[in-house]
Amino acid sequence: MKYTQLGRTGLKVSRLVLGTMNFGPQTDEADSHTIMDAAQGAGVNFFDTANVYGFGADKGRTEEIVGSWFAKGGGRRDKTVLGTKVYATMGVEGERVWPNHDKLSALNIRRSVDASLRRLGTDHIDIYQFHHVDRDTPWDEIWQAIDVLVQQGKILYAGSSNHAGWHIARANEAAARRGSLGLVSEQCLYNLAERRAEMEVIPAAQGYGLGVIPWSPLHGGLLGGALRKEREGGAGRSGVGRSADALANSAIRARIESYEDLLGKHGLEPGEVALAWLLTRPGVTGPIVGPRTTDQLASALRAVELTLPDELLASLDEIFPGPGPSPESFAW
């Protein structure tokens, strides 16, 4: 496994981040433990979760599964850089959200941290992440709450997710005025098929020293050999959600066909190339992978060792052109 610093911090993390969103909803506890053991055994030290994972009536279940894995001992917690998130309500969908039981007020942050610590069975969270921007709560209040938690030893760092570039700027300018460290990471939607983050989010993250942690690196399976799986398994095999919706668009379908044909000529697996491409991008710490099986984890691990030649990178840019440099791409 290869490692890098998380943004401007002294924290060293693996270039692959183990996402746990499938633990509970799609992968049972025993298999989740097996995947976490395999990931840590391969050198992955950065695990990502969120308080709402488990979803529906099982919100919090994923954190509990991670916690039960820590409880097995063997240095599991000590070897893990643990990130979790706060923002959404932990109530059941459809029910009224009781005031101050969601978003980023100081009250909800305090309540949510303590609840996550109980579910995770640990005394601290390494990276506490804001799952979405809160347009109602001032950053001074958010940082006041975070500073207290850092002083209490309940969290070490704060990160963001799904924040615009100007949100990152405002957050870290507010933190600087307080003498606080501010955001050290940003999780954003970023992959070959979705490169809008290059316009503002990634430049802002680089400018303020945040590590970039792309989520959905395969764009919901679209970049993981979706058309090949469709041919091998029949109609609908390519997946659901983002992948299936995208393939219904003839222009996107043609682009994915070109992508798979190109990699087929090189004898490369689409999903592994999509991950390896992200590892070549400036500012990227490591993509989040959410394996449901150990085979999927093994594929992701191979991507870390994959070197993409310049010729192939240029061809990928032709198939999936990015927005261009910022601000030159939209200015003189």
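All values below were derived from every heavy atom in this structure, side-chain atoms included, with hydrogens, water molecules and symmetry-related copies excluded.
Residues Phe46 and Leu82 fail the side-chain proximity criterion, which asks for heavy atoms closer than 4.5 Å. Using a 4.5 Å cut-off on side-chain heavy atoms (C-beta onward), Leu312 and Leu268 make contact. Residues Leu183 and Gln129 form no side-chain contact, since every pair of their non-hydrogen atoms from C-beta on lies 4.5 Å or further apart. Asn162 has its side chain within reach of Trp215: a pair of non-hydrogen atoms, C-beta onward, lies under 4.5 Å apart. With a 4.5 Å cut-off on side-chain heavy atoms, Tyr128 and Ser112 count as touching. Taking the side chain as every heavy atom from C-beta outward, Leu275 and Leu223 never approach each other to under 4.5 Å. Residues Val284 and Pro214 have side chains in contact (heavy-atom distance under 4.5 Å, counting atoms from C-beta outward). You'll find the side chain of Thr34 reaches within 4.5 Å of the side chain of Thr294, heavy atoms only.
In the model, Arg77 has a side-chain atom that pairs as donor or acceptor with a side-chain atom of His124 under 3.5 Å. Side-chain atoms of Ser14 and Asn45 form a donor-acceptor pair, as typed in the model, at a separation below 3.5 Å. No donor-acceptor contact under 3.5 angstrom links the side chains of Ser116 and Asn51, judged on distance only. Judged by distance alone, the side chains of Tyr208 and Arg8 never bring a donor and an acceptor atom under 3.5 Å apart. Under the 3.5 Å distance criterion, with hydrogens and angles disregarded, no donor-acceptor pair is assigned to the side chains of Asn172 and Trp139. Side chains of Asn191 and His219: a donor on one and an acceptor on the other come within 3.5 Å. Between the side chains of Thr80 and Gln40, at least one donor N or O lies within less than 3.5 Å of an accepting N or O. For the residue pair Glu186/Ser160, the side-chain donor-acceptor check at 3.5 Å is satisfied.
Of all the heavy atoms in Ser105 and Thr137, the pair that sits closest is N-OG1, 3.8 Å. Considering every non-hydrogen atom in both Gly211 and Thr285, the closest pair reads CA-OG1, 3.2 Å. The minimum heavy-atom distance between Ile142 and Leu104, with the atom names listed, is CG1-O, 3.6 Å. Nearest heavy atoms, Pro291 versus Val289: CD-O, 3.2 Å. Of all non-hydrogen atoms in Ile127 and Gly159, the two that sit nearest each other are CG2-N, 4.2 Å.
No more than 12 heavy atoms of other residues, nucleotides or ligands lie within 6.0 Å of CZ in Arg110, so this atom counts as exposed by the packing criterion. Within 6.0 Å of the CZ atom in Arg195, the count of heavy atoms belonging to other residues, nucleotides or ligands exceeds 12. The environment of NZ in Lys12 is sparse: at most 12 heavy-atom neighbours from other residues, nucleotides or ligands sit within 6.0 Å. Counting heavy atoms of neighbouring residues, nucleotides and ligands inside a 6.0 Å radius, atom CZ of Arg196 does not exceed 12 of them. Around atom CD of Glu311, no more than 12 heavy atoms belonging to other residues, nucleotides or ligands sit under 6.0 Å away.
Atom CG of Asp126 and atom OG1 of Thr9 lie 10.5 Å apart (nearest 0.5 Å).
Using a cut-off of 4.0 Å between Lys/Arg side-chain N and Asp/Glu carboxylate O, Arg119 and Glu64 are scored as not salt-bridged. Remark: Arg253 engages Glu230 in a salt bridge, criterion side-chain N to carboxylate O under 4.0 Å. Contact check on Glu63 versus Lys85 returns no salt bridge, with no Lys/Arg side-chain nitrogen under 4.0 Å from an Asp/Glu carboxylate oxygen.
Both Leu262 and Trp277 belong to a common hydrophobic cluster when Ile, Leu, Val, Met, Phe, Trp and Tyr are linked at side-chain heavy-atom distances under 4.5 angstrom. The hydrophobic clustering, which links ILVMFWY residues whose side-chain heavy atoms are closer than 4.5 Å, places Val52 and Leu107 apart.
Note on ring orientation: taking the six-membered ring where Trp is involved, the planes of Tyr259 and Phe320 are perpendicular (angle over 60°, cut-offs 30° and 60°). The aromatic rings of Tyr53 and Phe55 sit tilted, their planes meeting at an angle between 30° and 60°.
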If you look only at distance, which donor and acceptor atoms sit under 3.5 Å apart when one is on a side chain in residues 16-32 and the other is two or more places apart or in another chain?
residue, atom, partner, partner atom, Å
Thr20, OG1, Asp48, O, 2.9
Thr20, OG1, Thr49, OG1, 3.0
Asn22, OD1, Gln26, NE2, 3.2
Asn22, ND2, Gly290, O, 2.7
Thr27, OG1, Arg292, O, 3.2
Asp28, OD1, Ala30, N, 3.3
Asp28, OD1, Asp31, N, 2.8
Glu29, OE1, Arg61, NH2, 2.7
Glu29, OE2, Ser68, OG, 2.6
Ser32, OG, Thr27, O, 3.3
Ser32, OG, Asp28, O, 2.8

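Here the rule is ring-ring contact (aromatic ring centres under 6.0 Å, His included) with Tyr87, and of His132, His131, His101 only His132 fits it.
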